[in-house]
2 protein chains.
Amino acid sequence: MAVTESVPTALRVVDRTIPDRRPDGRDQYTISEVAAYTGLSVHTLRWYERIGLMPHVDRTSTGQRRFSNKDLDWLGFIGKLRLTGMPVAGMLEYADLVRQGDETVGARAELLTAHRDDVRRRIAELQGTLDVLDWKINLYDAAERRTEVG
Amino acid sequence: MAVTESVPTALRVVDRTIPDRRPDGRDQYTISEVAAYTGLSVHTLRWYERIGLMPHVDRTSTGQRRFSNKDLDWLGFIGKLRLTGMPVAGMLEYADLVRQGDETVGARAELLTAHRDDVRRRIAELQGTLDVLDWKINLYDAAERRTEVG
DNA sequence: TAGAGAGTTCGAGTGCACTCCAGGCAAGCG
DNA sequence: CGCTTGCCTGGAGTGCACTCGAACTCTCTA
């Protein structure tokens with residue numbers, strides 16, 4: 001019965017002080033480096049792994065995580081999915097398909113296609129609502145001008 | 001540090017079996033009529049009133065709510081705001097400005113303009129992500145065709 | 001060798017937006 | 001008159017996506 005979708009504040013307010021390029025040429029990044037690079041918190045990165053959203057991250061002999069460039073690619077992609085409002089459950093489903101191997105490419109394409117349709121629908125919806133906002137803002141601006149003049 | 005915003009499932013999945021026109025020509029609607037019309041649950045309608053998002057709803061002698069056409073208009077507008085991901089706190093702020101009267105039209109225009117910018121930014125963001133989805137989907141489709149043929 | 005700093009786990013806590021429940025009242029019907 | 005239906009309230013519960021805390025280990029620098 002809910003009528004809308006909330007969008008985490010971070011996504012909305014985010015000021016992108018996050019470096020656009022990888023820390024350097026290595027293939028081994030600590031969790032805090034990855035946090036700085038992706039904009040996710042270290043908490044979130046660990047949580048993603050816990051719930052099964054990361055495809056096994058390497059560890060040092062003492063148990064510390066070392067993320068690879070492949071991990072960064074993955075985080076980048078699911079970051080896009082999150083950005084478009086895909087719930088974590090959906091990303092989990094996708095991650096499971098990837099884990100299952102090549103015979104799931106069809107299912108993956110299907111999942112992403114459905115999501116793409118959803119994104120397109122939401123874009124259209126947002127654009128429709130822009131008109132209402134324009135109309136209201138114009139009303140207010142006109143009212144203000146009247147106040148200034150009269 | 002959150003990177004995204006979740007969008008309540010209902011908004012995404014909603015099949016609009018909701019009548020597009022008002023129940024009838026009256027100016028007095030029960031809470032369940034309004035629920036059917038707006039797509040909000042009766043719980044949500046009462047909750048909106050509780051938190052101060054509704055500008056005083058009439059009551060019968062026995063205490064039942066009777067919504068007016070004006071209330072329906074208001075719900076329609078804040079419904080649009082919700083649809084664009086404005087948090088309830090923001091709508092509350094807007095509602096307060098409306099309550100304060102005509103001298104707040106400037107502030108209201110500002111609030112809505114800021115929100116409009118935000119919506120525009122999000123549309124652009126979604127559109128950017130569509131490209132990534134297209135690219136991935138094409139990859140998968142190509143892989144599938146290879147499997148079929150080879 | 002002591003202390004700072006960064007990492008670890010797992011479970012608990014948070015904020016948002018609802019969503020539901022218990023217990024009760026009022027109107028209409030057979 | 002009793003029953004069903006629809007409404008009322010205040011507070012508790014839910015689901016999602018993080019976010020934090022406590023207690024601990026490891027490495028590095030002074």
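Because the structure is a prediction, the values reported are computed rather than measured. Numbered from 1 within each chain, the chains take letters A, B, ... in sequence-line order.
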Measure the shortest side-chain to side-chain distance between A/Lys136 and B/Phe77 over non-hydrogen atoms and say whether it is less than 4.5 angstrom.
-> yes

For B/Ile31 and for A/Ser61, find the nucleotide of DNA chain D with the closest heavy atom, then tell me which residue's nucleotide is more 5'.
-> B/Ile31

Closest to side chain of A/Ser32, choosing from D/dT19, C/dT19, C/dA6 | C/dA6

With 3.5 Å as the limit, what N/O pairs link the protein to nucleotides 11-14 of chain C?
from   : atom 1 : to      : atom 2 : distance (Å)
C/dG11 : N7     : A/Arg50 : NH1    : 3.2
C/dG11 : O6     : A/Arg50 : NH2    : 3.1

Think B/Tyr48 has a side-chain N or O under 4.0 angstrom from the OP1 or OP2 of C/dC18?
-> yes

Do the side chain of A/Arg99 and the main chain of A/Gly52 share a donor and acceptor less than 3.5 angstrom apart?
-> yes

Proximal nucleotide (of C/dT8, C/dG7, D/dT19) relative to the A/Arg46 side chain | C/dT8

C/dC18, D/dT9, D/dA17: which one has an atom nearest the side-chain heavy atoms of B/Arg65?
-> D/dT9

For B/Thr30 and B/Glu33, indicate whether the former's side chain and the latter's backbone hold a donor-acceptor pair under 3.5 Å.
-> yes

I'd like a table of atom pairs between the protein and nucleotides 24-26 of chain D - only N or O on both sides, under 3.5 Å - with the distance next to each one.
none

Inspect the surroundings of CG in B/Asp102 and state if more than 12 heavy atoms from other residues, nucleotides or ligands are less than 6.0 Å away.
-> no

Report yes if the side chains of B/Leu45 and B/Val34 come closer than 4.5 Å at any heavy-atom pair, otherwise no.
-> yes

Should B/Arg59 and B/Arg65 count as side-chain neighbours, where that means a heavy-atom distance under 4.5 Å?
-> yes

Spell out, as yes or no, whether a donor-acceptor pair under 3.5 Å connects the side chain of B/Arg120 to the backbone of A/Leu130.
-> no

In terms of side-chain heavy atoms of A/Arg59, which of C/dT9, D/dA17, C/dC18 is nearest?
-> C/dT9

Find the distance B/Ile51:CD1 to C/dT19:P and express it as a whole number of Å.
-> 13 Å

B/Asp71 side chain to B/Ser68 main-chain N or O, any donor-acceptor pair under 3.5 Å?
-> yes

